[in-house]
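The structure under discussion appears below in the form of structure tokens.
A note on names: the letters A, B, ... follow the listed sequences, proteins ahead of strands, and every chain is numbered from 1.
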Amino acid sequence: MDKNISSSSSSSSSSSSSSSSYFKLGDHHVKPSQKVGEQIKQRRFAFQTRSQVDILDDGYRWRKYGEKSVKNNKFPRSYYRCSYRGCNVKKQIQRHSKDEEIVVTTYEGTHSHPVEKTSES
DNA sequence: CGGGTTTGACCTGCGC
DNA sequence: GCGCAGGTCAAACCCG
């Protein structure tokens with residue numbers, strides 16, 4: 001089921017701790033006076049992971065296209081994009097400012113191609 | 001050789 | 001009108 005991430009759009013309810021920081025989801029540069037019939041194109045799905053490395057391999061190929069520092073965070077944010085031709089899925093990785101071991105991964109869009117690494121024993 | 005990664009520059013939108 | 005912030009792209013370099 002882990003590989004079936006591209007489906008649910010609901011944010012992860014992994015807020016086990018008390019405060020789970022701010023999670024601003026659902027606010028991009030979308031014009032409100034645009035085609036109403038046009039549904040949300042890219043679903044956003046974010047979840048946190050406790051790992052020392054931010055290179056989370058979900059089975060897809062990612063190509064880094066930028067790195068920018070974020071306010072409130074001493075660590076820079078990494079911008080990744082799916083490699084597959086025709087797959088315009090984006091992924092962002094950000095680290096916590098207080099807990100360096102907490103990595104926040106934000107997926108933008110849904111994959112429309114089979115996974116390459118089906119490393120599921 | 002190919003793919004992926006890196007860093008700086010560039011562009012756009014918004015605020016003042 | 002200009003400055004700032006955030007985001008994206010591109011050229012070069014490195015590794016397998």
Side-chain angles (χ1 to χ4, degrees):
Chain A
M1 273 195 232
D2 305 285
K3 303 277 136 139
N4 234 37
I5 301 171
S6 45
S7 244
S8 313
S9 54
S10 303
S11 45
S12 59
S13 51
S14 60
S15 39
S16 44
S17 281
S18 34
S19 50
S20 57
S21 233
Y22 52 88
F23 248 72
K24 252 165 69 176
L25 292 175
D27 188 52
H28 232 206
H29 43 78
V30 282
K31 269 154 187 180
S33 11
Q34 197 71 5
K35 284 178 204 164
V36 185
E38 194 82 27
Q39 279 184 280
I40 310 164
K41 214 185 234 182
Q42 315 221 284
R43 295 271 158 99
R44 213 184 266 179
F45 173 58
F47 72 94
Q48 294 169 141
T49 313
R50 195 164 170 298
S51 187
Q52 235 190 331
V53 285
D54 34 338
I55 310 287
L56 272 54
D57 208 12
D58 51 5
Y60 293 103
R61 198 126 236 155
W62 302 96
R63 162 207 164 231
K64 189 199 266 174
Y65 75 90
E67 203 172 75
K68 256 314 225 311
S69 305
V70 193
K71 254 159 146 84
N72 284 184
N73 239 354
K74 286 157 44 208
F75 310 102
R77 179 191 276 152
S78 303
Y79 290 85
Y80 282 87
R81 230 164 153 179
C82 191
S83 249
Y84 200 84
R85 197 214 83 98
C87 191
N88 19 274
V89 180
K90 280 190 284 190
K91 171 166 90 169
Q92 309 170 250
I93 295 173
Q94 189 191 121
R95 258 201 267 221
H96 244 234
S97 47
K98 196 127 203 221
D99 296 290
E100 185 233 290
E101 20 192 311
I102 301 294
V103 180
V104 183
T105 311
T106 309
Y107 286 89
E108 221 169 81
T110 327
H111 294 284
S112 54
H113 58 96
V115 187
E116 198 191 272
K117 277 193 344 198
T118 46
S119 54
E120 215 185 294
S121 27

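Rounded to whole angstrom, the span from the CZ atom of A:R63 across to the P atom of B:dT7 amounts to 15 Å. The OH atom of A:Y80 sits 12 Å away from the P atom of B:dG4 (whole-angstrom rounding). When rounded to the nearest whole Å, the span between CZ of A:R77 and P of C:dA5 equals 15 Å. With rounding to whole Å, A:D54 atom CG is found 12 Å from B:dT5 atom P. Across the protein-nucleic acid pair, A:Y60 atom OH and B:dG3 atom P stand 20 Å apart, rounded to whole Å. One atom, CZ of A:R81, and another, C1' of C:dA10, lie 13 Å apart when rounded to the nearest Å. In this structure, A:N73 atom CG and C:dA5 atom P are separated by 16 Å, rounded to whole Å. A straight line from CD of A:E67 to P of C:dC9 spans 16 Å, rounded to a whole angstrom.
Between A:Y79 and C:dG7 there is a side-chain polar atom (N or O) within less than 4.0 angstrom of OP1 or OP2. OP1 or OP2 of C:dT8 sits under 4.0 Å from a side-chain N or O of A:Y65.
A side-chain contact (heavy atoms from CB on, under 4.5 Å) with A:R77 is found for one member of A:E67, A:K68, A:Q94 and no other, namely A:Q94. None of A:R95, A:H96, A:R50 except one satisfies the side-chain contact (heavy atoms from CB on, under 4.5 Å) rule with A:E101; the exception is A:R50.
For the atom pair A:K91 NZ and A:S78 OG, the distance stands at 10.0 Å (nearest 0.5 Å). With values rounded to the nearest 0.5 angstrom, A:T106 atom OG1 is found 9.5 Å from A:Y79 atom OH.
Nearest nucleotide to the A:K68 side chain, out of B:dT5, B:dT7, C:dG6: C:dG6. Closest to the side chain of A:S83, from the set C:dT8, C:dG6, B:dG4, is B:dG4. If you check C:dG6, B:dT5, B:dT7 against the side chain of A:K71, the one that comes closest is C:dG6. When each of C:dT8, B:dT5, B:dG4 is scored by its nearest atom to the side-chain atoms of A:R61, the top-ranked nucleotide is B:dG4.
Ring centers of A:H111 and A:Y60: under 6.0 Å apart, within the cut-off.
Side-chain to base pairing of A:K64 with B:dG4: no donor and acceptor N or O lie closer than 3.5 Å to each other.
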